[in-house]
Number of protein chains: 2
Amino acid sequence: MTGPDTALDRTLELAVLVNEDMDRALATDGLTRSRAHVLFELHHRGPVPQRTLSTALQVSARNITGLVDALVATGFVTREPHPTDRRVVLVTPTEHGARTAATLAAGRHQLASALFDGMPANRVATYTEVLDEVLARFRELTAATAR
Amino acid sequence: MTGPDTALDRTLELAVLVNEDMDRALATDGLTRSRAHVLFELHHRGPVPQRTLSTALQVSARNITGLVDALVATGFVTREPHPTDRRVVLVTPTEHGARTAATLAAGRHQLASALFDGMPANRVATYTEVLDEVLARFRELTAATAR
DNA sequence: AGCACATGGTGAACTAGCTTCATTATCTGG
DNA sequence: CCAGATAATGAAGCTAGTTCACCATGTGCT
């Protein structure tokens with residue numbers, strides 16, 4: 001009798017597996033998860049100040065500095081001076097960084113397809129609907145608790 | 001048109017939220033995720049050598065030593081000598097550790113219920129079935145790749 | 001102009017978790 | 001009884017993240 005506990009367990013299990021898979025893919029490119037987050041954000045934003053990354057990714061400014069340090073050291077990114085505001089540094093993906101980001105995104109897309117494509121459309125639809133309802137319930141719960 | 005990418009994204013999103021919630025719960029008890037894994041394993045196994053934890057949790061022996069160190073320091077666990085084999089140390093949950101583990105498990109169960117209970121049974125069933133199929137596909141993929 | 005305050009970024013020092021390599025005790029089988 | 005396996009730990013280093021203090025630069029207000 002597959003109850004709610006089972007459903008939750010399976011969800012988490014899939015997430016763990018997918019994340020492990022992504023970590024492996026990242027590692028082969030010399031990236032970690034945190035650094036990849038930064039690289040992806042840059043990839044679809046273009047050159048931005050670190051502050052922008054900090055707020056967008058919910059990561060402390062100090063932390064972004066460290067991650068960008070690492071990305072610079074491994075050649076995914078460069079730091080350029082801002083043309084007018086000398087406080088800010090513009091983090092810019094290198095050619096290599098951009099290509100890596102694109103490749104990884106494509107790989108992730110392929111994975112999603114391999115996992116869900118070809119299933120009866122109504123099953124996938126039900127799956128997504130249940131997920132959406134569960135997410136809504138979750139937000140309700142935490143909204144109630146966070147008071 | 002919610003495609004496979006969307007389905008995967010939602011799945012990961014739910015997992016992230018649930019994990020954050022669990023982390024919060026653990027933190028209020030002075031635990032981290034890794035330490036909690038160890039504590040839970042002990043909770044339903046009783047006193048065992050560290051080696052057992054190491055293999056069961058897929059964590060290096062050295063690492064278990066550190067986690068147990070922390071659990072001892074925070075009073076969730078004690079190290080007892082093995083009666084016959086003087087190499088091994090038996091890690092034993094304290095009363096406090098056992099109670100905490102039970103409470104957290106109950107909380108997790110409640111969360112699962114709050115998220116899924118009361119839904120049409122066939123919807124939850126479909127949800128779980130889709131997940132099972134996706135998990136099966138995933139394992140097929142990685143089995144093919146791992147060669 | 002000039003000063004107060006806000007903003008962007010960093011240095012230093014710390015924690016958790018994890019890894020590798022080496023070492024110490026202890027057990028076990030031939 | 002000794003060789004080799006096994007249990008646990010010491011030492012050192014890495015990634016990620018935190019907090020606190022600090023410096024440089026911009027901006028707004030008077």
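The sequence lines fix the lettering, A, B, ..., with proteins before strands; numbering per chain opens at 1. Because only heavy atoms are used, hydrogens play no part in the values below, and waters and symmetry mates are left out as well, while side chains stay in.
Nearest heavy atom pair, residue B:Tyr127 against residue A:Val130, reads CD1-CG1, 3.6 Å. Of all heavy-atom pairs between A:Ala101 and A:His43, the closest is CB-CG, 3.6 Å.
Applying a 4.0 Å cut-off to non-hydrogen atoms, the residues of residues 61-78 of chain A that approach DNA chain D are A:Arg62, A:Asn63, A:Leu67, listed by residue number. Contact check of residues 50-58 of chain B against DNA chain D (heavy atom, cut-off under 4.0 Å) returns B:Gln50, B:Arg51. For DNA chain D, the neighbouring residues in residues 33-49 of chain B, judged by any heavy atom under 4.0 Å, are B:Pro49.
For B:Ser60, no side-chain nitrogen or oxygen approaches OP1 or OP2 of C:dC18 to under 4.0 Å.
Residue-level contact check: A:Val89 touches the backbone only, with heavy atoms under 4.0 Å from sugar-phosphate atoms and none from bases.
Residue pairs meeting the side-chain hydrogen bond (donor to acceptor under 3.5 Å, both in side chains) criterion with at least one partner in residues 130-139 of chain A, sequence neighbours excluded, are A:Asp132-B:Arg10, A:Glu133-A:Arg137, A:Arg139-B:Glu13. Within the structure, the side-chain hydrogen bond (donor to acceptor under 3.5 Å, both in side chains) test picks out the following pairs touching residues 105-116 of chain A (sequence neighbours left out): A:Arg108-B:Asp9, A:His109-B:Asp5. Applying the side-chain hydrogen bond (donor to acceptor under 3.5 Å, both in side chains) test to pairs two or more places apart or on separate chains, those with a residue in residues 56-66 of chain A are A:Gln50-A:Thr65.
Considering only residues two or more places apart in sequence or on other chains, B:Arg99 meets the salt bridge (charged side-chain N to carboxylate O under 4.0 Å, His left out) condition with B:Glu95. Legend: residues meeting side chain to side chain donor-acceptor pair (under 3.5 Å) with A:Asp117, ordered by chain and number and at least two apart, are absent.
Through chains of ILVMFWY side-chain contacts below 4.5 Å, A:Val91 is grouped with A:Leu26, A:Leu31, A:Val38, A:Leu39, A:Phe40, A:Leu42, A:Val48, A:Leu53, A:Leu57, A:Val59, A:Ile64, A:Leu67, A:Val68, A:Leu71, A:Val72, A:Phe76, A:Val77, A:Val89, A:Leu104. Under the 4.5 angstrom side-chain criterion for Ile, Leu, Val, Met, Phe, Trp and Tyr, the cluster partners of B:Leu90 are B:Val88.
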*Indicate for each nucleotide in nucleotides 22-30 of chain C, in 5' to 3' sequence, whether protein heavy atoms under 4.0 Å reach the base (B), only the sugar-phosphate (S), or nothing (-).*
----BS---
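DNA chain D forms stems at C:1-30 with D:1-30, each a run of 3 or more consecutive Watson-Crick or G-U wobble pairs whose two key distances fall under 3.5 Å.
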